[in-house]
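Take a look at the structure set out below.
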2 protein chains.
Amino acid sequence: MAQESPTFSPLYRQIKTLILQALEAGEWRPGQAIPSEQELAARFSVSQGTVRKAIDEMAAENLLIRKQGKGTFVASHNDPRALFRFLRLVPMDGDLSHPQSVPLDCWRAKAGQEASRMLGIELGAPIIIVRRLLRFAQKPVVVDEIYLPGDVFPGLTFEALQDWNGSLYSLFETRFGLRMIRAQERIRAVAADRSTSEALKVPEGTPLLSVERVTYTYGDKPVEWRRGLYSTAEHFYLNELN
Amino acid sequence: MAQESPTFSPLYRQIKTLILQALEAGEWRPGQAIPSEQELAARFSVSQGTVRKAIDEMAAENLLIRKQGKGTFVASHNDPRALFRFLRLVPMDGDLSHPQSVPLDCWRAKAGQEASRMLGIELGAPIIIVRRLLRFAQKPVVVDEIYLPGDVFPGLTFEALQDWNGSLYSLFETRFGLRMIRAQERIRAVAADRSTSEALKVPEGTPLLSVERVTYTYGDKPVEWRRGLYSTAEHFYLNELN
DNA sequence: CAGTGGTCTAGACCACGGA
DNA sequence: CCGTGGTCTAGACCACTGG
């Protein structure tokens, strides 16, 4: 009722913030149901409609998933439908087989200029670098080089990567409680260098997509920076413009 | 218990369809205001809240633009903010100058296999092909080859393209009453061929982004197919993933 | 000031899922 | 059958714009 601030914020946004904080605090785990709209309305002393509008926005942002008759659930990267939310690569023939992630390497280093800027951490802060291959139907299609802040991923090892049967973000979520919310990709065209050409089994100099991605968790905090090189001989990057 | 209506459509969606039809019929022009929510509610004999939900969805789809205190307006490609809705190319330095479109060529032809499939028209149907250059700060960055169904763009000439100071979609909207609603882009990396390398002033074989776009108007009807070749020496394709 | 979209409420009823 | 989210209504009030 009484909300007086320099920048007016409607009640449903305040509710949204409260739900967000509960999510961030881990009050409900990914994949689990959150309380019903009625319960939340009682908890926050507002009407169901106001809770509803808050949840509506969060569902639109892919933070929550509504299921009529069942409840509202915390979005999870374990959900197979979430895989292609961040991976926009599609085979030119309609083959829908899931890609397979093959870790190549994993080592620790100190953040250089670029990594520190992209990840918003101090220069020289510990980082983890992962190289991995993505295969579609056994064919190598993507080489990724992934930079992670060391303090956010304690104990991440090459073995842990090899043992995991799922997407990287699914691993991050399950192992480190870190949920990837949104990302920004910068795409350019580059020529394959030697090592990349070997990994992707294409001639040196072949044009490749260079996809640089910064991924954010709650509070717009960057927690991953990666550069992927995509072979587009049999795949393309699909983007819907609305 | 057998469910009677597997295709249940809530009232607000029916209202949305009615508003969509009015838009399509040109009852309100791009840039103009549509009637107030109260008026529409009266017209369709529903509550304001129901109209509101219909408009909410259309605003989310960039068909309408809400302006508190003023009204709800039909989205228009004449609006400068609409320019970068479909053009995701950004200079690496933050230069925000608008690109300049330079028509190179414009001729009539008959739809080949690919064009007929992409545009959903018959093989051999008349089409118009436009070649044009996009310059950022005087530098050539994109070469587009654009395929248009001939019957949708009667009287489109090279001179008309040269005379127009604005985006192509702005021209289509103003001259032909055709509104581009959504698009789908397929992105690959290719090597510059001779003629492209000359147009973009890059060495032959330079890796370029190949951006194939199909653009749709109302009713998911495809009305444009284009292939753009983007030089990514000083620009990148920016994509937000939510 | 009047008119617009934006918020909030309370209550009724519908569609769906599962026990 | 109940509990969930989804729809629809009617009315009150707030925030913003422009005359």
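All values derive from a computational prediction rather than experimental measurement. Labels below follow one simple rule: chain letters A, B, ... track the order of the sequence lines, proteins then strands, and each chain is numbered from 1.
Contact check of residues 51-60 of chain A against DNA chain D (heavy atom, cut-off under 4.0 Å) returns A:Arg52. Of the residues in residues 17-39 of chain A, those with a non-hydrogen atom less than 4.0 angstrom from any atom of DNA chain D are A:Ser36, A:Glu37.
A close approach under 4.0 Å does not occur between any side-chain nitrogen or oxygen of A:Thr72 and OP1 or OP2 of D:dT4. Distances shown here put a side-chain N or O of B:Thr50 below 4.0 Å from the OP1 or OP2 atom of D:dT9.
Put simply, NZ on B:Lys67 is 13 Å from C1' on D:dC16, counting in whole angstrom units. Atom pair B:Leu64:CG and C:dG5:P shows a separation of 11 Å (rounding to whole Å applied). Atom OH in B:Tyr12 sits roughly 8 Å away from atom C1' in D:dT7 (whole-Å rounding). One atom, CZ of B:Arg13, and another, P of D:dT7, lie 7 Å apart when rounded to the nearest Å. Atom-to-atom, CD of B:Gln14 to P of D:dG6 comes out at 18 Å; the value is rounded to the nearest Å. Between B:Ile15 atom CD1 and D:dT7 atom C1' the separation is 13 Å, expressed in whole Å. Rounded to whole Å, the distance from CG on A:Leu11 to C1' on D:dA15 is 15 Å. Atoms CG (A:Leu40) and P (D:dG3) sit 17 Å apart, rounded to a whole Å.
Two residues are said to be in side-chain contact when any heavy atoms from C-beta on lie closer than 4.5 Å; B:Ile146 and B:Glu224 meet this criterion. Between B:Arg179 and B:Glu24, the closest side-chain pair of non-hydrogen atoms is not below 4.5 Å. Inter-residue side-chain proximity for A:Ser170 and A:Trp164 is flagged as met; some heavy-atom pair is nearer than 4.5 Å. Inter-residue side-chain proximity for A:Val152 and A:Lys221 is flagged as met; some heavy-atom pair is nearer than 4.5 Å. Within the 4.5 Å cutoff, the side chain of B:Phe136 has no heavy atoms near those of the B:Glu234 side chain. Counting heavy atoms from C-beta outward, B:Val46 and B:Leu40 have side chains that stay 4.5 Å or more apart.
Figure legend: cation-pi geometry between B:Arg182 and B:Tyr216, with NZ or CZ positioned under 6.0 Å from the six-membered ring centre and within 45° of its axis. Judged by the 6.0 Å and 45° rule, B:Arg88 forms no cation-pi pair with B:Tyr237.
Sequence order on DNA chain C of the closest nucleotides to A:Ser45 and A:Gly69 puts A:Ser45 first from the 5' end.
Every residue two or more places apart in sequence or in another chain that forms a side chain to side chain contact (heavy atoms under 4.5 Å, CB included) with B:Glu61 is listed here: B:Lys16, B:Glu57, B:Leu63. For A:Glu39, the side chain to side chain contact (heavy atoms under 4.5 Å, CB included) criterion is met by A:Pro35, A:Ser36, not counting sequence neighbours.
Looking at the side chain of B:Lys70, the nearest of the listed nucleotides D:dG18, C:dT9, D:dT9 is D:dG18.
The distance between the ring centers of B:His77 and B:Phe172 does not fall below 6.0 angstrom.
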Between protein and nucleotides 10-14 of chain C, what N or O pairs are separated by less than 3.5 Å?
none

Side-chain atoms of residues 64-74 of chain B: list all donor-acceptor pairs with protein atoms under 3.5 Å, sequence neighbours left out, distances to 0.1 Å.
from    : atom 1 : to      : atom 2 : distance (Å)
B:Arg66 : NH1    : B:Asp56 : OD1    : 2.5
B:Arg66 : NH2    : B:Glu37 : OE2    : 2.0

